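It should be emphasised that the depicted structure is a prediction, and the values quoted were computed from it without experimental measurement.
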There are 2 protein chains.
Amino acid sequence: MELTIENFKETLVDYNIRPTYQRIKILEYLEGNKTHPTVDEIYHHLYPQIPTLSKTTVYNTLRSFADADLVLELHVDNSEVRFDINTELHGHFLCKDCGTVYDFEINTEKINDDQLFIGLDDFSIMSKNIFFTGICKKCKNQ
Amino acid sequence: MELTIENFKETLVDYNIRPTYQRIKILEYLEGNKTHPTVDEIYHHLYPQIPTLSKTTVYNTLRSFADADLVLELHVDNSEVRFDINTELHGHFLCKDCGTVYDFEINTEKINDDQLFIGLDDFSIMSKNIFFTGICKKCKNQ
DNA sequence: GTTCCTGCAAAAGCTTTGCAGAAGA
DNA sequence: TCTTCTGCAAAGCTTTTGCAGGAAC
């Protein structure tokens with residue numbers, strides 16, 4: 001299936017978000033660039049196409065996307081928030097050398113083993129964040 | 001074993017950190033208050049005892065502790081960094097209701113199962129952060 | 001004596017807020 | 001038409017930086 005403006009519009013409507021031009025373009029950017037971008041990166045990439053765009057709108061949009069569970073907020077360090085259009089359970093790996101944030105897969109059966117995490121009986125878990133740091137394959141081979 | 005000023009001094013020397021009065025008191029605070037405090041919390045708790053203390057020193061000290069792997073930096077959201085004197089592998093749980101950050105235990109054998117996290121072959125892992133959010137037992141029972 | 005640390009003030013950087021004009025339903 | 005959104009400017013907060021005096025070794 002090809003992703004068109006109409007598809008992004010529909011997605012926004014499905015999530016009860018009014019499909020303005022700015023929001024459609026931001027969603028399109030996130031779908032096409034799964035690199036966990038920051039507000040600043042999104043703003044600078046879209047600015048050439050939307051010269052009237054403001055950072056406030058990017059902030060507002062991502063807040064509404066996150067509130068609607070259309071994106072995930074990543075707090076990899078406390079500098080800038082990053083956003084992930086993939087809201088399925090998965091892990092993140094930050095390479096301390098090149099700064100890339102990689103996704104990695106989590107075995108759902110094994111992660112739900114109730115002997116893996118101890119002491120959370122009677123706690124309601126809303127989100128699970130698995131975040132590793134280290135040196136990626138690419139940087140190791142250089 | 002009783003923890004005295006001398007013990008904290010020794011710990012700092014062991015970690016190659018010059019044991020100044022401020023650093024000793026900050027370490028003492030962290031050992032006695034395992035609540036993942038912020039810079040602001042540490043500063044305000046110590047200020048009555050050390051009226052000349054500055055926040056800059058608290059920042060500097062925690063940076064040097066973190067660089068020496070004497071404390072862990074926690075990024076639970078992007079508001080303020082929190083610090084954990086427990087550097088053993090363990091998880092954190094943030095209660096969305098009361099704001100408490102709980103520690104929880106991780107089964108070391110199961111977490112090291114190489115089928116749990118997929119796609120990290122040839123990546124060097126330096127730190128593993130497991131961070132859950134939800135509602136804690138206490139808040140659920142109110 | 002030399003090196004490193006402390007603490008003040010100022011600056012920097014990310015994010016939020018207030019609000020008037022514009023766009024969506 | 002009515003509600004909601006955009007974008008500008010200003011403010012808010014946490015954190016960093018520069019530097020002079022002070023403490024540690």
Q: Are side-chain heavy atoms of A:Ile24 and A:Leu12 found at a separation under 4.5 Å?
A: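 The answer is yes, as the side chains (C-beta and beyond) meet within the 4.5 Å cut-off.
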Q: For the pair made of NZ in B:Lys55 and P in C:dT6, what is the distance, rounded to whole Å?
A: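 For the pair B:Lys55 NZ and C:dT6 P, the rounded distance is 17 Å.
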Q: Please report, rounded to the nearest Å, how far the C1' atom of C:dA12 is from the CG atom of A:Asp40.
A: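 A:Asp40 atom CG is separated from C:dA12 atom C1' by 14 Å.
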Q: On DNA chain D, nearest-nucleotide positions of B:Val13 versus B:Ser79: which is more 5'?
A: B:Ser79
Q: With DNA chain C as reference, determine whether B:Leu53 or B:Asn78 sits nearer its 5' end, using the nearest nucleotide of each.
A: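 Taking each residue's closest nucleotide, the earlier one in sequence belongs to B:Leu53.
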Q: Whole-Å distance between C:dT15 P and A:His75 NE2?
A: 10 Å
Q: To the nearest angstrom, how far is A:Ile26 atom CD1 from D:dT6 atom C1'?
A: 11 Å
Q: Consider only side-chain heavy atoms of I, L, V, M, F, W and Y, link residues closer than 4.5 Å, and tell whether B:Val101 and B:Ile130 are in one cluster.
A: no
Q: Determine: side-chain N/O of A:Ser54 to OP1/OP2 of D:dC8, distance under 4.0 Å, yes or no.
A: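 No, A:Ser54 has no side-chain N/O under 4.0 Å of OP1/OP2 on D:dC8.
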Q: D:dT6 P sits how many Å from A:Tyr47 OH, rounded?
A: 17 Å
Q: Does the side chain of B:Gln22 get closer than 4.0 angstrom to OP1 or OP2 of C:dG7 through an N or O atom?
A: yes
Q: By the 4.0 Å heavy-atom rule, please label A:Thr20 as base, sugar-phosphate, or nothing.
A: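 Here A:Thr20 touches the backbone only, sparing every base.
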Q: Heavy atoms under 4.0 Å, any strand shown: does B:Thr38 hit a base, just sugar-phosphate, or nothing?
A: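 The answer is nothing, as B:Thr38 stays clear of every strand by at least 4.0 Å.
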Q: Return no unless some side-chain N or O of A:Thr57 is found under 4.0 Å from OP1 or OP2 of D:dG7.
A: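 Checking D:dG7 against A:Thr57, a side-chain N or O does come within under 4.0 Å of OP1 or OP2.
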Q: Could you tell me the separation between the OH atom of B:Tyr59 and the C1' atom of D:dT16, rounded to a whole number of Å?
A: 9 Å
Q: Is a side-chain donor-acceptor pair under 3.5 Å present for B:Asn33 with B:His45?
A: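 No - no donor-acceptor pair under 3.5 Å links their side chains.
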Q: Taking only the side-chain heavy atoms of A:Arg18 (C-beta and beyond), determine which of D:dT17, C:dA23, D:dC25 contains the nearest atom.
A: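 Minimum distance to the A:Arg18 side chain belongs to C:dA23.
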Q: DNA chain D: A:Tyr43 or B:Val81, which has the more 5' nearest nucleotide?
A: A:Tyr43
Q: If I take atom CG in residue B:Asn60 and atom P in nucleotide D:dG18, what distance separates them, rounded to the nearest angstrom?
A: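 These atoms are roughly 13 Å apart.
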Q: May I ask you to evaluate whether B:Arg23 reaches the phosphate of C:dC5, defined as a side-chain N or O under 4.0 Å from OP1 or OP2?
A: yes
Q: I'd like to know if the side chain of A:Asp113 and the backbone of A:Gln115 have a donor-acceptor N/O pair within less than 3.5 Å.
A: yes
Q: What nucleotide among C:dT15, D:dG7, D:dT14 has an atom nearest to a side-chain atom of A:Thr56?
A: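 Taking heavy atoms from C-beta onward, the closest nucleotide is D:dG7.
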Q: Please examine the side chains of B:Leu74 and B:Phe131, heavy atoms only from C-beta on, and report whether any two atoms are closer than 4.5 Å.
A: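 No; the side chains remain at least 4.5 Å from each other.
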Q: Mind calculating the distance between CG (B:Asn16) and P (D:dA24) to the nearest angstrom?
A: 18 Å
